[in-house]
Asker: 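Take this structure first; my questions come after.
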Amino acid sequence: MSNFTIDIYADGASVEGMLEAKNKWPISGFTTNPSLMKKAGVKDYITFASKALKAVSGLPISFEVFSDDFMHMELEATKLASLGNNVFVKIPITNSKGESSVPLIEKLSKKGIQLNITAILTLKQVQDVLSVLQPETHNIISVFAGRVADTGVDPIPLMKKAVTLVSQYKQATLLWASCREVLNIFQAQEIGVDIITVTNNVLNKLSMVGKDATQLSLETVQGFHNDVEKLGFSIL
């Protein structure tokens, strides 16, 4: 396994998965979101958050607000932040109506709440957030590079510009979100991104880093052969 200089945050909403990630891989923090919580079958947010906080043993962890209106987002953010000093409150860059969250972000930052601004996909959104984050606070700017790539656009130019911007603000660190493959970790590290979020499914592939291509080719064919035997039938 490579010695990464970028911080790797495990992305998921299973407490068991968090424990697995912490014990198996070089994890520096954790992130969750409502979609992952839905997939993991979470039924009670605060109970889940309490168990997750115990599992991560003081490492940074991000919990996202659920509300779509800014008044309730503020109340939720305050409650989530109170759960622990290692909690970062995730605020989406807009609500579902397309209304900017920047005024709320500024308000929460003035309260000293640690924020993880999520669902960012443009450089303007990065600039807007950086302009309101207060000095002496600690915040994460989550740019969804993987979703940019899903549109057929290379995210590297955007992420390079984001690195340049965010590096000018001591109160902010840049996160490469929606990692799709192990290569993304190396790409993010090479251009100077601070953090990348990685699911356990991708983390499991870290064992392949540095593997000889000829050996990997053989193992691939052996895998096909094993599956043929399990199928139990033939073409002829």
Side-chain angles (χ1 to χ4, degrees), residues 7-99 101 104-105 108 111 113-121 138-147 150 173 175-181 184-185 195-206:
D7 284 340
I8 298 176
Y9 281 22
D11 194 27
S14 159
V15 174
E16 293 76 16
M18 292 176 182
L19 287 169
E20 178 190 19
K22 184 163 67 73
N23 293 330
K24 287 177 62 176
W25 300 297
I27 300 301
S28 300
F30 298 83
T31 55
T32 66
N33 66 50
S35 296
L36 292 170
M37 291 171 70
K38 178 177 178 290
K39 185 177 180 179
V42 173
K43 301 297 182 184
D44 183 288
Y45 200 145
I46 300 303
T47 298
F48 159 71
S50 298
K51 291 180 179 178
L53 283 166
K54 289 180 181 178
V56 305
S57 304
L59 289 174
I61 184 167
S62 295
F63 296 121
E64 189 164 341
V65 295
F66 269 20
S67 181
D68 198 45
D69 73 83
F70 298 122
M71 182 184 73
H72 286 97
M73 274 192 203
E74 181 179 358
L75 295 173
E76 291 174 348
T78 302
K79 183 170 184 177
L80 291 171
S82 72
L83 296 177
N85 294 330
N86 56 324
V87 171
F88 284 74
V89 178
K90 292 182 78 172
I91 305 291
I93 187 61
T94 75
N95 65 7
S96 68
K97 302 176 184 68
E99 298 164 338
S101 301
L104 173 64
I105 292 165
L108 294 173
K111 288 184 175 183
I113 293 176
Q114 298 182 132
L115 300 174
N116 180 339
I117 316 307
T118 189
I120 291 176
L121 275 90
H138 190 190
N139 309 278
I140 298 170
I141 309 293
S142 291
V143 181
F144 279 51
R147 296 207 179 198
D150 287 342
T173 53
L175 184 151
W176 175 306
S178 60
C179 168
R180 301 296 193 235
E181 56 192 356
N184 295 156
I185 304 175
I195 306 167
I196 186 167
T197 51
V198 187
T199 63
N200 284 23
N201 286 340
V202 175
L203 288 168
N204 270 314
K205 297 178 183 180
L206 288 177

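Starting from 1, each residue takes its place in the sequence as its number. Small disclaimer: the values here were computed from a predicted structure and weren't measured.
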Asker: If you look at every heavy atom in Ser101 and Phe70, which pair is closest and at what distance?
Answerer: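 Residues Ser101 and Phe70, closest heavy atoms: OG-CE2, 3.3 Å.
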Asker: Does the pair Ser67 and Val65 meet the rule for a side-chain contact (heavy atoms from CB on, under 4.5 Å), with working shown?
Answerer: CA-CA 6 Å; Ser67 181; Val65 295; 5.7 Å; no
Asker: Supply the atom-to-atom distance Ile141 CD1 to Ile195 CD1, rounded to the nearest 0.5 angstrom.
Answerer: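 Reported to 0.5 Å precision, the distance equals 10.0 Å.
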Asker: Less than 4.5 Å apart, any side-chain heavy atom of Trp25 and any of Val198?
Answerer: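 No. Closest side-chain heavy atoms not under 4.5 Å.
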Asker: Any side-chain heavy atom of Leu206 sitting closer than 4.5 Å to one from Ile185?
Answerer: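 A side-chain contact exists here, since the closest heavy-atom pair is under 4.5 Å.
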Asker: Determine all donor-acceptor pairs shorter than 3.5 Å in which one atom belongs to a side chain in residues 84-93; sequence neighbours excluded.
Answerer:
from	atom 1	to	atom 2	distance (Å)
Asn86	ND2	Leu59	O	2.8
Lys90	NZ	Thr32	O	3.0

Asker: In chain order, what residues pass the ring-ring contact (aromatic ring centres under 6.0 Å, His included) check against Tyr45, with sequence neighbours excluded?
Answerer: Phe66
Asker: Hey, what do you get for CG (Asp150) to OG (Ser178), rounding to the nearest 0.5 Å?
Answerer: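 Nearest 0.5 Å value for the CG-OG distance: 7.0 Å.
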Asker: When rounded to the nearest 0.5 angstrom, what distance separates CD1 in Ile117 from CG in Leu175?
Answerer: 11.5 Å
Asker: Would you say Asn184's side chain and Glu181's backbone share a donor-acceptor pair under 3.5 angstrom?
Answerer: yes
Asker: Can you name the closest pair of heavy atoms from Lys22 and Ser57 and give their distance?
Answerer: NZ-OG, 3.7 Å
Asker: Rounded to the nearest 0.5 Å, what separation is found between the CG atom of Asp11 and the CZ atom of Phe30?
Answerer: 11.0 Å
Asker: Which side chain to side chain donor-acceptor pair (under 3.5 Å) pairs, counting each pair once, include a residue from residues 138-147, with sequence neighbours left out?
Answerer: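 Found Asn116-Ser142, Thr137-Asn139.
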Asker: Find the distance between CD1 (Ile61) and CG (Leu53) and round it off to the nearest 0.5 Å.
Answerer: 5.5 Å
Asker: Not counting sequence neighbours, list each pair that qualifies as a salt bridge (charged side-chain N to carboxylate O under 4.0 Å, His left out) and has a residue in residues 41-55.
Answerer: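 Found none.
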Asker: Considering all heavy atoms of both residues, which atom of Asn200 and which atom of Ala21 are nearest to each other, and what is their separation?
Answerer: OD1-CB, 3.8 Å
Asker: Evaluate the criterion side-chain contact (heavy atoms from CB on, under 4.5 Å) for residue pair Glu20 and Leu203; output intermediate values, then yes/no.
Answerer: CA-CA 10 Å; Glu20 178 190 19; Leu203 288 168; over 6 Å; no
Asker: Are Ser62 and Glu64 packed together at the side-chain level, in the sense that at least one heavy-atom pair is separated by less than 4.5 angstrom?
Answerer: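 SC-SC contact between Ser62 and Glu64 ruled out.
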Asker: Please step through side-chain contact (heavy atoms from CB on, under 4.5 Å) for the pair Phe144 and Thr118, ending with a clear verdict.
Answerer: CA-CA 8 Å; Phe144 279 51; Thr118 189; 3.2 Å; yes
Asker: For residues Thr199 and Val202, determine if any side-chain heavy atom of one lies less than 4.5 Å from a side-chain heavy atom of the other.
Answerer: yes
Asker: Looking only at non-hydrogen atoms, find the nearest pair between Thr197 and Ala177 and report the distance.
Answerer: OG1-CA, 3.5 Å
Asker: Grab the two heavy atoms, one from Pro26 and one from Ile8, that are nearest each other, plus how far apart they are.
Answerer: O-CB, 3.9 Å
Asker: Can you sort out the partners of Ser14 under side chain to side chain donor-acceptor pair (under 3.5 Å), two or more places apart, ordered by chain and number?
Answerer: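 Result, side chain to side chain donor-acceptor pair (under 3.5 Å) vs Ser14: Glu16.
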Asker: Could you check whether any side-chain N or O of Asp7 sits under 3.5 Å from a backbone N or O of Ser28, counting only pairs where one atom can act as donor and the other as acceptor?
Answerer: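 Checked: no pair found.
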Asker: I want to check something: taking the side chain as every heavy atom from C-beta on, are Asn204 and Lys24 in contact at a cut-off of under 4.5 Å?
Answerer: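 Yes, side chains in contact.
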Asker: I would like to know whether Met73 and Leu108 meet side-chain contact (heavy atoms from CB on, under 4.5 Å); could you show each step before the answer?
Answerer: CA-CA 10 Å; Met73 274 192 203; Leu108 294 173; over 6 Å; no
Asker: Tell me the salt bridge (charged side-chain N to carboxylate O under 4.0 Å, His left out) pairs involving residues 65-84, sequence neighbours left out?
Answerer: Asp68-Lys97, Glu74-Lys107, Glu74-Lys111
Asker: Give me the atom names and distance for the closest heavy-atom approach of Met18 to Ala52.
Answerer: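 Looking at all heavy atoms of both residues, the closest pair is SD-CB, 3.7 Å.
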